[in-house]
Amino acid sequence: MSNLKNYINRLTKDTFSLNYNLDQGIVGTFELSNGHEEKLKVHGNLKFKTPIEELLYKIYDFTVLQNKKAAREKFLYLNDEFDIGDVLSDPSINLLYLVVKLKYYILNNDRKLYEPIYNQIRSLPNSTNPSVEYIHHKTLGIYFYRTNNFLQSTLALDNALSLAEKLPYISEDDKAELYYQISLTKIKTCDTFESIFYAEKALSLYQSLYNNKRSAECHIILGINYNHSKRQDFAEKHYLSAKNIGENIGDSYLESMALHNLGCIKSYLKQSEEAIFYYLESLKRKREEERSVYSILGLVEEYYFLDQTEFSKEWAEQGLKLAIRMDLSEYILHFTAHIYLLDKNIELEPYILQKVIPYFKNAGNERYTIKYMEMLAKYYFKNHQYKLASEFYNSCLQNIKLKTSY
């Protein structure tokens, strides 16, 4: 295993066309925030009706820059200095206020506050102001992604993209965030080539803006897509670029995501021991946070593949506890299904048919829809239900063909 550590460290330091190192423009977080402060002037070209409207645009800009502190300060100032009743009296400003508020809650991952704000937004008419509508649709695209509704996310982001092409006042940071979100959603809907296209556009902008963290996250997205496209060589280079950036700026989250996805490459190549090593290294950097469920699920699947069912079940039970505590509906389904599979529980079939597949179909998550169809096909085959097995294998094939046909 020490050889494996040496291997990744050596590759990380290698230079290749996809790498992004200190000589090519990595800057510290202090320099990054100062540079982005200047870009807030982009909305100076807009004509604001009221100081409240101008303030809301500033708060939105801070959410785009992921500056939680500045966004919070501006929101407190808004609530302390202005009568919110005046905001509510103008439908267009009211819509902007609620949309910016939702984006602020998304920035802070305040999941319990998402739905109440969304319900208020959906009760309002659309704005006649194209800038407000752009922010409206883009924010809803992010909201639907965060709430696992990828079909609705796609529709909202398509609307935002259409508006963005007509608006002259959108900053490079804003465009980059839009492209980044589109690429994320396209991963979930198995639109691999489109995801690569928008991730490349986002990466190009983020690199020009010296936004290290988001550049690394684009590398992760590109790596995932290349892994799904069976281009593990490209995928590995992107993951190592992300890992290199994470190490240079001291971001353990980026390192953990890169390590996790390197594990996914090894899993795809049926190199389970190496995959397990990377998943465990990733978990060390996550400290039982929400994203730990990704690597825990990877461990469940690798130990199952190795026929080490006791370890697989232990990790599945640990993952389920974490998913319940964090209220992660998707991963509650994943871990429960795997526990039923490991226990050979008769509840597996109805659980997948009635809960798991409908959940992922409704969300527009093609990848997991196919995964659980295949799990059921294998279950039926082992139980000598060959007709049902054939039907589900055929459904998997048809779904894959729809995404790969031109």
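Everything quoted here is computed from the prediction, not taken from an experiment.
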Are [X] and [Y] packed together at the side-chain level, in the sense that at least one heavy-atom pair is separated by less than 4.5 angstrom?
{"X": "L341", "Y": "Y304", "answer": "yes"}
{"X": "Y239", "Y": "N227", "answer": "yes"}
{"X": "Y57", "Y": "I135", "answer": "yes"}
{"X": "F144", "Y": "T185", "answer": "no"}
{"X": "N109", "Y": "R146", "answer": "yes"}
{"X": "F311", "Y": "L306", "answer": "no"}
{"X": "R367", "Y": "H228", "answer": "yes"}
{"X": "I121", "Y": "Y97", "answer": "no"}

Quick one: do I249 and L254 satisfy side chain to side chain contact (heavy atoms under 4.5 Å, CB included)? Show the steps, please. CA-CA 10 Å; I249 66 174; L254 293 175; 4.0 Å; yes
Atom pair [atom1]/[atom2] of [X] and [Y] - distance to nearest 0.5 Å:
{"X": "Y134", "Y": "L161", "atom1": "OH", "atom2": "CG", "answer": "8.5 Å"}
{"X": "L280", "Y": "I296", "atom1": "CG", "atom2": "CD1", "answer": "10.5 Å"}
{"X": "Y114", "Y": "I142", "atom1": "OH", "atom2": "CD1", "answer": "10.0 Å"}
{"X": "S295", "Y": "L283", "atom1": "OG", "atom2": "CG", "answer": "4.5 Å"}
{"X": "T189", "Y": "E194", "atom1": "OG1", "atom2": "CD", "answer": "7.5 Å"}
{"X": "I93", "Y": "I52", "atom1": "CD1", "atom2": "CD1", "answer": "8.0 Å"}

Please report the shortest heavy-atom distance between [X] and [Y], naming the atom on each side.
{"X": "L151", "Y": "N362", "value": "CD1-O, 4.1 Å"}
{"X": "T369", "Y": "N365", "value": "OG1-O, 2.8 Å"}
{"X": "E177", "Y": "T63", "value": "OE2-O, 4.1 Å"}
{"X": "A160", "Y": "L178", "value": "CB-CD1, 4.0 Å"}
{"X": "I245", "Y": "H219", "value": "CD1-CD2, 4.1 Å"}
{"X": "A216", "Y": "A242", "value": "O-CB, 3.6 Å"}

More than 12 heavy atoms of other groups within 6.0 Å of F381 CZ: no
With no hydrogens and no angle check, just 3.5 Å: does a side-chain donor-acceptor pair link [X] and [Y]?
{"X": "Y143", "Y": "N149", "result": "no"}
{"X": "S282", "Y": "K286", "result": "yes"}
{"X": "T192", "Y": "S229", "result": "no"}
{"X": "S195", "Y": "N225", "result": "yes"}
{"X": "Y380", "Y": "E349", "result": "yes"}
{"X": "Q207", "Y": "S215", "result": "no"}
{"X": "K138", "Y": "Y60", "result": "yes"}
{"X": "S267", "Y": "E302", "result": "yes"}
{"X": "K103", "Y": "T139", "result": "no"}
{"X": "Y180", "Y": "E217", "result": "yes"}

Report the residues that fulfil side-chain contact (heavy atoms from CB on, under 4.5 Å) with K355, sequence neighbours left out, ordered by chain and then residue number. L333, Y351
Residues two or more places apart in sequence or in another chain: which of them pass side-chain contact (heavy atoms from CB on, under 4.5 Å) with A176? L205, Y206
Ring geometry between F234 and Y226 (parallel below 30°, tilted from 30 to 60°, perpendicular above 60°):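 Perpendicular: the ring planes of Y226 and F234 meet at over 60°.
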Fit a plane to each ring of Y331 and H334, take the angle between them on a 0 to 90° scale, and name the class: parallel (under 30°), tilted (30 to 60°) or perpendicular (over 60°).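 Rings of Y331 and H334: perpendicular, as their planes differ by over 60°.
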Just to verify, what does [X] make a salt bridge (Lys or Arg N to Asp or Glu O under 4.0 Å) with, not counting sequence neighbours?
{"X": "E255", "answer": "R285"}
{"X": "D343", "answer": "K313"}
{"X": "R231", "answer": "D233"}

Kindly indicate, with the supporting measurements, whether the criterion side chain to side chain contact (heavy atoms under 4.5 Å, CB included) is fulfilled by T50 and E54. CA-CA 7 Å; T50 65; E54 183 175 6; over 6 Å; no
Counting only pairs under 3.5 Å, give me each side-chain donor-acceptor contact of residues 68-80, with atom names and distances, residues two or more places apart or in other chains.
from : atom 1 : to  : atom 2 : distance (Å)
N79  : ND2    : F75 : O      : 3.2

Between N108 and Y104 (side chain of the first, backbone of the second, donor and acceptor by atom type, cut-off under 3.5 Å), is there such a pair?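 The answer is yes, because a donor-acceptor pair under 3.5 Å joins these two groups.
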Near-ring test Y279/H260, centroid separation under 6.0 angstrom: yes
Are the charged groups of K371 and E301 less than 4.0 angstrom apart, N to O?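 Looking at E301 together with K371, the answer is yes, because their closest N to O distance falls below 4.0 Å.
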Looking at E247 and K243, does any basic side-chain N land under 4.0 Å from a carboxylate oxygen?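 Here E247 pairs with K243 in a salt bridge, since their nearest N and O are under 4.0 Å apart.
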For I220 and H238: C-alpha separation, side-chain torsions, deciding distance, then whether side chain to side chain contact (heavy atoms under 4.5 Å, CB included) applies. CA-CA 6 Å; I220 294 290; H238 280 292; over 6 Å; no
Is the cationic atom of R291 (NZ for Lys, CZ for Arg) positioned less than 6.0 Å from the six-membered ring centroid of Y253 and within 45 degrees of its normal?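 Relative to the ring axis of Y253, which defines the angle, R291 lies inside both limits.
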Criterion side chain to side chain contact (heavy atoms under 4.5 Å, CB included) on E290 and R111, from CA distance to verdict: CA-CA 12 Å; E290 183 177 310; R111 292 178 180 274; 2.7 Å; yes
Yes or no on salt bridge (charged side-chain N to carboxylate O under 4.0 Å, His left out) for E133 and K166, after CA distance, side-chain angles and deciding distance? CA-CA 12 Å; E133 275 302 280; K166 301 171 186 175; over 6 Å; no
Determine, stepwise, if the pair Y145 / F150 fulfils ring pair (Phe, Tyr, Trp, His ring centres under 6.0 Å). CA-CA 6 Å; Y145 177 85; F150 306 116; 5.5 Å; yes
